[in-house]
Visitor: 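Mind having a look at this structure? Questions to follow.
Because only heavy atoms are used, hydrogens play no part in the values below, and waters and symmetry mates are left out as well, while side chains stay in. Chain letters run A, B, ... following the sequence lines, proteins first, then strands; residues in each count from 1.
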Number of protein chains: 2
Amino acid sequence: MTDTRRGRPRTPLLSRETIVAATLQVIGDEGVAAVGMRSVARLLGVDAKSLYNHVDGKDGLLDAVAEQLLGGLVLPAPTGDARHDLHAIAHAFRDRALAHPGAAPLVLTRQLSSLEGLAPVDAVLTVLLAAGADAEEAVHLLRMLLATLIGTLLREVSAAPTFGGDDGERLEALQGAGLTAIATAAPHLAEFDRAAEFEYTVDLAITAVLARIDLRTAR
Amino acid sequence: MTDTRRGRPRTPLLSRETIVAATLQVIGDEGVAAVGMRSVARLLGVDAKSLYNHVDGKDGLLDAVAEQLLGGLVLPAPTGDARHDLHAIAHAFRDRALAHPGAAPLVLTRQLSSLEGLAPVDAVLTVLLAAGADAEEAVHLLRMLLATLIGTLLREVSAAPTFGGDDGERLEALQGAGLTAIATAAPHLAEFDRAAEFEYTVDLAITAVLARIDLRTAR
DNA sequence: ACCTGAACACCGTTCAAGT
DNA sequence: ACCTGAACACCGTTCAAGT
């Protein structure tokens, strides 16, 4: 039922949500580089300048996407087991970042000063404090975990396996360049199981964090 | 002495190096967002299209910058002490990434398939293998270290302290939003000593890596 | 080999005007 | 309140032409 009483207050064609949705579609179809006021507006059947009524320029548009993505994060209920809870938070974060792979760099890279970005930070801090860290150490450990998380996800989303297969030519070139360790490890460098790699890295980081807390706690 | 014999083969105005240098100046003066074929060319007193003779478009230009920066990395001589050597590599990498802070995202974010990017990878692998890791585990540990390194440096270069000071208003807002752990840790969140934070995070990661190798080695 | 003129198909953004 | 027309000052990139 279109709103036509008195002819004046028509129902708006656009909203922040529809604009973000259209942006995600552009990202999914043509990549993040294809995002522009014009391309997004075209998808909505609207003029580019209309977007300015809902979003603060192109930069604000990208922020809105990152915010909304992160806002959809559902934090797992804490169980009291610190290791398990940190794992669960990390995976929840990963799920959100990979929900729209092309948009992941936005989520991982943009400053998330909004409340959306604070929820997971609070969740991690809560677990660390409960595990026995004092406030100061908890902050350092949080930053370490975040760095590792963001670093792995950035790689996962943007990096190919890094090294082509085991063709002998490449290997010899590596040897010749003095990169013997790379040549030795080449078959493993060519392999990259995203989920397994994430698990390995995050588990190692969490182990380190918990070990440090126990060290401190044991005085 | 300008080259004028026969009038023909004049000495070129441009080179890859001068172009990269000009780009770094633009980045330093106006930020990475200000980099463009036109802005870089202007600095060189040349037409934008001339750059295409030395660099593969704007993207190639950015790659060239990242490559050259990373190429300047001087790897420390290995001492045989794994912990010390990993620390040294990490700091050498940081020095290079922070030499031109505005350009750091390029170094940290771009695919570095060139030989420039492989040298530090080889160095880390060498240390891990010497420390007793087998090739497969060494690759996983390498990826973990890289993720942590890149994550911290990205934050260091792009992120402000994250949380304004201890003004009571902000604190109450956090409490009200249910972010009690953040409220508790707020004074420490407001503090951010870049060098110290880097040291803490990298040391924790290295400790974790070495612990895992020892675990395996001890069967 | 290296640089440029002319030209093309794009950008983001403003502001005043329409409804 | 929301959308658009006209307009501006930009982009990256090509190709043929000059030297």
Visitor: Using a strict 4.0 Å threshold on nitrogen-to-oxygen distance, state whether B:Lys58 and B:Asp63 make a salt bridge.
Guide: no

Visitor: Out of C:dC3, D:dT4, C:dA6, which nucleotide sits closest to the side chain of A:Lys49?
Guide: D:dT4

Visitor: Identify which nucleotide among D:dC11, C:dC11, D:dG5 has an atom closest to any side-chain atom of A:Arg38, counting heavy atoms from C-beta outward.
Guide: C:dC11

Visitor: Taking any strand in view, what nucleotide pairs with D:dA16 in a Watson-Crick or G-U wobble way, both distances under 3.5 Å?
Guide: C:dT4

Visitor: Please report the distance, rounded to the nearest Å, between NZ in B:Lys58 and P in C:dC11.
Guide: 14 Å

Visitor: Can you tell which of D:dG12, D:dT4, D:dC11 lies closest to the side chain of B:Met37?
Guide: D:dG12

Visitor: Looking only at the side chain of B:Val46 (C-beta and beyond, no hydrogens), which of the listed nucleotides C:dT4, C:dC11, C:dC2 gets closest?
Guide: C:dT4

Visitor: Would you mind reading off the distance between B:Asp56 atom CG and D:dG12 atom P, rounded to a whole angstrom?
Guide: 14 Å

Visitor: Could you identify the nucleotide paired to D:dC10, looking across every strand shown and requiring Watson-Crick or G-U wobble geometry with both distances under 3.5 Å?
Guide: none

Visitor: Could you state the CG-P distance from A:Leu51 to C:dG12, rounded to the nearest angstrom?
Guide: 10 Å

Visitor: Quick one: A:Asp47 CG to D:dA7 P, roughly how many Å, whole number?
Guide: 15 Å

Visitor: Ignoring hydrogens and angles, state whether a donor on the side chain of B:Thr152 or B:Thr201 is under 3.5 Å from an acceptor on the partner side chain.
Guide: no

Visitor: I want to verify a distance call: between D:dC3, D:dT4, C:dC3, whose nearest atom is closest to the B:Asn53 side chain?
Guide: C:dC3

Visitor: If you count the non-hydrogen atoms of other residues, nucleotides and ligands that lie under 6.0 Å from CG in A:Asp56, is the total more than 12?
Guide: no

Visitor: A:Pro12 side chain: which of D:dC11, D:dT14, D:dC3 is closest?
Guide: D:dC3

Visitor: Rounded to the nearest Å, what distance is computed from the CD atom of residue A:Glu30 to the P atom of nucleotide C:dC10?
Guide: 12 Å

Visitor: Picking from D:dC3, C:dG12, C:dC3, which would you name as closest to the side chain of A:His54?
Guide: D:dC3

Visitor: Applying the side chain to side chain donor-acceptor pair (under 3.5 Å) test to B:Glu199, which of B:Arg194, B:Arg94, B:His87 qualifies?
Guide: B:His87

Visitor: For the side chain of B:Arg42, starting at C-beta, report the closest nucleotide among D:dC3, D:dC11, C:dG5.
Guide: D:dC11

Visitor: Establish, with yes or no, whether the OP1 or OP2 oxygen of C:dC2 is under 4.0 angstrom from a side-chain nitrogen or oxygen of B:Ser50.
Guide: no

Visitor: To the nearest angstrom, how far is A:Tyr52 atom OH from D:dG5 atom C1'?
Guide: 16 Å

Visitor: Take B:Asp47 and B:Arg42, measure what salt bridge (Lys or Arg N to Asp or Glu O under 4.0 Å) needs, and give me the verdict at the end.
Guide: CA-CA 7 Å; B:Asp47 188 281; B:Arg42 196 179 312 129; over 6 Å; no

Visitor: What's the closest nucleotide to the A:Leu13 side chain, out of D:dC3, D:dC11, D:dT4?
Guide: D:dC3

